[in-house]
Amino acid sequence: MAQPATEPTRTASAPPAEGEPAAGSPEQAAEAATGLDMVLVDAARGPLRRLVPPAGTTLRFASALARKPDAVARRAGELVQEVARIAGGSSEIAPGKKDKRFADPAWSGNPLLRRAMQLHLATARTAWELIEDADLDWQDDERIRFTATNLVDALAPSNVPVLNPLSLKAAIDTGGKSAVKGLSRFVRDLANPPRVPTMVEPDAFTVGEDLAVSPGAVVLRTEVFELIQYRPTTEKVRAVPLVMVPPTINKYYITDLAPGRSIVEHYVGAGQQVFMISWRNPDERHADWDLDTYGQALLDAMDAVERITGQEQVALQAFCSGGIITAMVLAHLAATGKQDRVRAASYAVTVLDWSRAGTVSALMDREAVEAATERSRKKGYLDGAQLAEVFAWLRPNDLVWNYWVNNYLQGKPPPNFDILYWNADTTRMTAGLHRDFIDVAVRNALTEPDAVSMLGSPVDLSKVTVDTYATAGVADHLCPWQACYRTTQLLGGESRFVLSTSGHIASLVNPPGNPKSTFQVAQQTPPDADRWMKQAETVKGSWWPDFMDWLGERSGEEIPAPAELGGNGLEPLADAPGTYVFDK
């Protein structure tokens, strides 16, 4: 895999691919209990609130177990028997093959460590069995499972300095210096938001030097965004230009990481004219910016692209929250008779139907939602550091405790992954957009015609008839692939759905050349996601070339590549990656 580094000490290989969790596992429970809506609520209120379930849920859980004394007694007896086997050294309980916490040979070779590990695993197993026995409704079940997942992960013996063999070995090898370095890192991280272990050093990469280096220029700057036009690398280009709409959470260059791992680079190399929206990092001055503000910004970008290229149509590709804005703008265009401005649309890891996906109804209540929006209203924005903290606690083993062991117990710097650097380069979200996103999600408003509006037009996604290409990640913890699939049922027109490997971000940053990359695709998009899965075939490689082929069929004839960037009164203002990307 290509390295973006200009120095040999830096690496930019992707983090290990996220495997799909086993059914019923705590990892699956955590993934099932996430969603953009819940993330936005948690970020305003504080993510650790979810570690304590509501009193009503706790009471119903206790009552359910009280009504099943035989089941509780059986589980307790099984645990006692297993503990006895552990003490006697005859227990066969072992961690899963993908559980990296106990990969060191000392966990199986040292009698004390093996017993500590087995006791933890046995207790965790009993906790999951009791939750199953309680047979709660899905809302209470999700709440209890999330709490249990975080508590079980936190109490793992691998997190204890005097038990973790990696910690002990590091202390011996360094004469105790690792402990001093680890404590220093802990104090530094605790003193600064987002108050979770650092996942990548702040100087690991430089935007414009290591990342976001595709040649281009800013051809339009507004108060809300900069529009970047990328320089063609082919003699001919497709006539219909592509406008990319990144998330409003974090910065646009997730689409333009290191050379060899850049979506933009691949598209341009395939002969596609590419324009990119780079959102401004807002502050309290921009508190009133809402969905309409961002919808108008997309229309402004489309106007500029059409003006520069001389084309009457564009194609759109949107990512995550950018997809919500894009779908609503397309509904506005359909309502105003201007839908023919868009030739094709793509939605990457985008959820438009939040039924059993975002689960605010399961993990939040109306008071929580109101408290969250009120907090951001008073401040004028939702802080990106708070969002980063929430994202970390969605997968605590991978994004908290893994770095706890590496950074603090071993006193080592974290490895430098470009994706994690981007993730740490946080942005704020305006109070108005925060409020609107939560409102649309909580009411699941995009599934009901005319339940919400965009720029004064009622939103009816069924009237959006442009062809659609949707992608999702099989192990996505934020936007479950089944929820992304439902986008194909909400929109009119023909749809192609592609299921990529890995999770939310790694499913996007999936360049050709990775021998492990595959994607699944079917010729049709039936109403049921499971039915689609049964029909889907697995294709080796990245979905990027597949998308380029699909888009190429809808991008008109090839024309000579423009010799200069900008035009028709819109001249280059700055070289890519522009100026807004550097706003802190």
Next on the checklist: I'd like to know if the side chain of D300 pairs up with that of Q296 as donor and acceptor (distance under 3.5 Å, no hydrogens or angles considered).
Outcome noted: yes

Next on the checklist: Taking V240's backbone N and O only, do any of them form a donor-acceptor pair with Q272's side chain (distance below 3.5 Å, no angle check)?
Outcome noted: yes

Checklist entry - Should the ring pair F497 and W481 be called parallel, tilted or perpendicular, given that the plane angle runs from 0 to 90° and is split at 30 and 60? => result tilted

Item to check | Heavy-atom side-chain proximity of W279 to Y252 below 4.5 angstrom | outcome: no

Checklist entry - Are the side chain of R280 and the backbone N or O of E223 linked by a donor-acceptor pair below 3.5 Å? => result yes

Checklist entry - Donor-acceptor pair, R343 side chain versus A315 backbone, under 3.5 Å? => result no

Checklist entry - Is the backbone of A522 close enough, under 3.5 Å, to the side chain of Q535 for a donor and an acceptor to pair up by distance? => result no

Checklist entry - Just by distance, do the side chain of S453 and the backbone of G456 share a donor-acceptor pair under 3.5 Å? => result no

Checklist entry - Is the CD atom of E571 crowded by more than 12 outside heavy atoms at less than 6.0 Å? => result yes

Checklist entry - Is a side-chain donor or acceptor of W544 paired with a backbone partner of L508 at a separation under 3.5 angstrom? => result yes

Checklist entry - How long is the span from the OH atom in Y469 to the CH2 atom in W543, to the nearest 0.5 Å? => result 6.5 Å

Checklist entry - Does R231 CZ have over 12 foreign heavy atoms under 6.0 Å away? => result no

Next on the checklist: Could you check whether any side-chain N or O of Q489 sits under 3.5 Å from a backbone N or O of P526, counting only pairs where one atom can act as donor and the other as acceptor?
Outcome noted: yes

Item to check | Donor-acceptor side-chain pairing of S542 and S517 below 3.5 angstrom | outcome: no

Checklist entry - Does H286 reach the side chain of D283, with side-chain heavy atoms less than 4.5 Å apart? => result yes

Next on the checklist: Could you check whether any side-chain N or O of Q273 sits under 3.5 Å from a backbone N or O of V237, counting only pairs where one atom can act as donor and the other as acceptor?
Outcome noted: no

Next on the checklist: Keeping N423 on the side-chain end and I419 on the backbone end, is there a donor-acceptor pair under 3.5 Å?
Outcome noted: no

Checklist entry - For K463, does the NZ atom have more than 12 heavy-atom neighbours from other residues, nucleotides or ligands under 6.0 Å away? => result no

Next on the checklist: Regarding R435 and D439, does a basic nitrogen lie under 4.0 Å from an acidic carboxylate oxygen?
Outcome noted: no

Next on the checklist: Looking at K251 and D256, is there a salt bridge between them, counting it only when a charged N and a carboxylate O are closer than 4.0 Å?
Outcome noted: no

Next on the checklist: Tell me whether R261 contacts the main-chain N or O of V509 through its side chain, where contact means a donor paired with an acceptor under 3.5 Å.
Outcome noted: no

Item to check | Step-by-step side-chain contact (heavy atoms from CB on, under 4.5 Å) determination, F547 to V498 | outcome: CA-CA 9 Å; F547 175 61; V498 168; over 6 Å; no

Next on the checklist: Taking atom CG as the centre, does D288 end up with more than 12 heavy-atom neighbours from other residues, nucleotides or ligands that are less than 6.0 angstrom away?
Outcome noted: no

Checklist entry - So Y253 and Y421, would you call those rings parallel, tilted or perpendicular, with 30° and 60° as cut-offs? => result tilted

